[in-house]
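The structure appears right after this line, and notes come after that.
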Amino acid sequence: MQSGYGTGARRVRARQLAELRALLDEVGSAERPFILCGDLNIDGLEPVRAAGEYEALREQLSDFDDLGGPTDDATFHPDPAGNELAHRFEPGGPRQRIDYVLFRAARPSTTGRAASHEVRPAGCELALHLPFDHPQKGKTFASDHFALRVTFEHGPPSGDD
């Protein structure tokens, strides 16, 4: 989504969130699980959640769980000690959680038929957050953002053990 910190960038992201919601409603089905992931450029770190755009994100996507929310790990850390590559792009910028994996579980069928299996999140953790040694460049990062690795379980619906 649109990057930047000004009011113009926030207005564009608000419009993009509404467009995203419309797309999800168009292509998704409540009877199937849905995973949405990406760099949304909306800071979801706990200290700024209530005061920032995160509330608008949660309002538009209230039927999705923010899988990275409980661990609250920064995915953008532009301090030289955090991520040198991010620091090159935005020196002095704030630590932020702007990358997301959002999940909506399948709901029971409107026909009353239960799903034969269900998909549920089993864990979410930061990945690619440590530098690695590049033969020509020395220590570097895979990206200016850290990744989120989410694992899912697939099995019978809850209660059918």
Side-chain angles (χ1 to χ4, degrees), residues 1-78 83 86 90 93-130 141-161:
M1 293 177 69
Q2 177 69 41
S3 65
Y5 301 105
T7 52
R10 287 193 295 273
R11 276 196 304 270
V12 170
R13 282 192 294 274
R15 188 171 55 248
Q16 289 174 324
L17 274 176
E19 292 169 358
L20 179 59
R21 177 78 254 177
L23 177 65
L24 296 172
D25 291 341
E26 179 183 332
V27 301
S29 167
E31 297 174 10
R32 292 188 315 266
F34 202 114
I35 301 167
L36 170 67
C37 52
D39 173 1
L40 302 183
N41 282 309
I42 294 173
D43 191 1
L45 283 177
E46 181 64 40
V48 299
R49 283 183 192 174
E53 294 176 90
Y54 184 77
E55 289 299 314
L57 169 70
R58 295 308 306 141
E59 188 175 304
Q60 281 286 357
L61 303 174
S62 61
D63 52 335
F64 283 78
D65 293 324
D66 175 4
L67 300 184
T71 56
D72 202 33
D73 291 318
T75 59
F76 185 70
H77 195 327
N83 184 331
E90 192 176 333
R95 286 175 68 250
Q96 301 175 74
R97 187 171 70 85
I98 56 178
D99 301 277
Y100 292 87
V101 178
L102 304 168
F103 177 73
R104 182 178 70 197
R107 292 185 222 128
S109 166
T110 56
T111 63
R113 220 179 26 196
S116 60
H117 286 84
E118 104 180 352
V119 174
R120 56 194 165 273
C124 180
E125 62 187 351
L126 212 53
L128 300 175
H129 59 290
L130 300 173
F141 287 87
S143 171
D144 61 327
H145 291 229
F146 301 141
L148 291 172
R149 179 178 31 233
V150 176
T151 53
F152 291 91
E153 297 175 333
H154 186 253
S158 299
D160 290 355
D161 298 320

- L24/E19 under side-chain contact (heavy atoms from CB on, under 4.5 Å): CA gap, chis, key distance, verdict: CA-CA 9 Å; L24 296 172; E19 292 169 358; over 6 Å; no
- Closest non-hydrogen atoms of A74 and L45, given as atom of the first, atom of the second and distance, are N-CD2, 4.0 Å
- Task: Would you please test R21 and D63 for salt bridge (Lys or Arg N to Asp or Glu O under 4.0 Å) and show each step?
- Result: CA-CA 11 Å; R21 177 78 254 177; D63 52 335; 2.6 Å; yes
- Evaluate the ring planes of F152 and F103, with Trp represented by its six-membered ring, and classify them as parallel (under 30°), tilted (30 to 60°) or perpendicular (over 60°). tilted
- Query: Would you call E46 and R49 a salt bridge, using N to O less than 4.0 angstrom?
  - Reply: yes
- Message: Can you list everything that forms a ring pair (Phe, Tyr, Trp, His ring centres under 6.0 Å) with H145? Sequence neighbours excluded, please.
- Response: F76
- Where L57 and L40 come nearest, the two heavy atoms and their spacing: CD1-CD1, 3.8 Å
- How far apart are the closest heavy atoms of S3 and A9, and which atoms are they? O-CB, 3.4 Å
- For G93 and P78, which heavy atoms make the closest approach, and how far apart are they? O-CG, 3.2 Å
- Output all residues satisfying side chain to side chain donor-acceptor pair (under 3.5 Å) with Y54, sequence neighbours left out; order by chain, then residue number. D66
- Query: For S143 and N83, which heavy atoms make the closest approach, and how far apart are they?
  - Reply: O-ND2, 3.1 Å
- Does the Y100 side chain pair with the main chain of G69, one donor and one acceptor, at a distance under 3.5 Å? no
- Output the distance between atom OG (S29) and atom CZ (R104), rounded to the nearest 0.5 Å. 7.5 Å
- Item | Donor-acceptor contact present, side-chain R10 to main-chain Y5, <3.5 Å | yes
- Message: Any salt bridge linking R97 with D72? Criterion: basic side-chain nitrogen under 4.0 Å from a carboxylate oxygen.
- Response: yes
- Supply the atom-to-atom distance N41 CG to Q16 CD, rounded to the nearest 0.5 angstrom. 9.0 Å
- Query: Would I35 and V150 count as a side-chain contact (heavy atoms from CB on, under 4.5 Å) if you check the C-alpha gap in whole Å, the side-chain angles of each, and the deciding distance to 0.1 Å?
  - Reply: CA-CA 10 Å; I35 301 167; V150 176; over 6 Å; no
- Task: Enter the distance from E59:CD to E55:CD here, rounded to the nearest 0.5 Å.
- Result: 8.5 Å
- Message: Using only atom types and a distance under 3.5 Å, with no angle test, would you say the side chain of R13 pairs donor to acceptor with the backbone of E53?
- Response: no
- Message: Looking at T75 and D99, would you say the former's side chain and the latter's main chain have a donor-acceptor pair under 3.5 Å?
- Response: yes
- Message: Would you compute the distance between atom CG of L67 and atom CZ of R149 and round it to the nearest 0.5 angstrom?
- Response: 14.5 Å
- Got a donor-acceptor contact below 3.5 angstrom from the D43 side chain to the P94 backbone? no
- Note on the structure: Heavy-atom closest pair (R32 atom, A106 atom, distance to 0.1 Å) is C-CB, 3.7 Å
- Can you tell me how far CD of E153 sits from CD of E118, rounded to the nearest 0.5 angstrom? 9.5 Å
- Out of curiosity, D144 CG to E90 CD, how far, rounded to the nearest 0.5 Å? 9.0 Å
- Please tell me if the side chains of L148 and L126 come closer than 4.5 Å, counting only heavy atoms from C-beta onward. yes
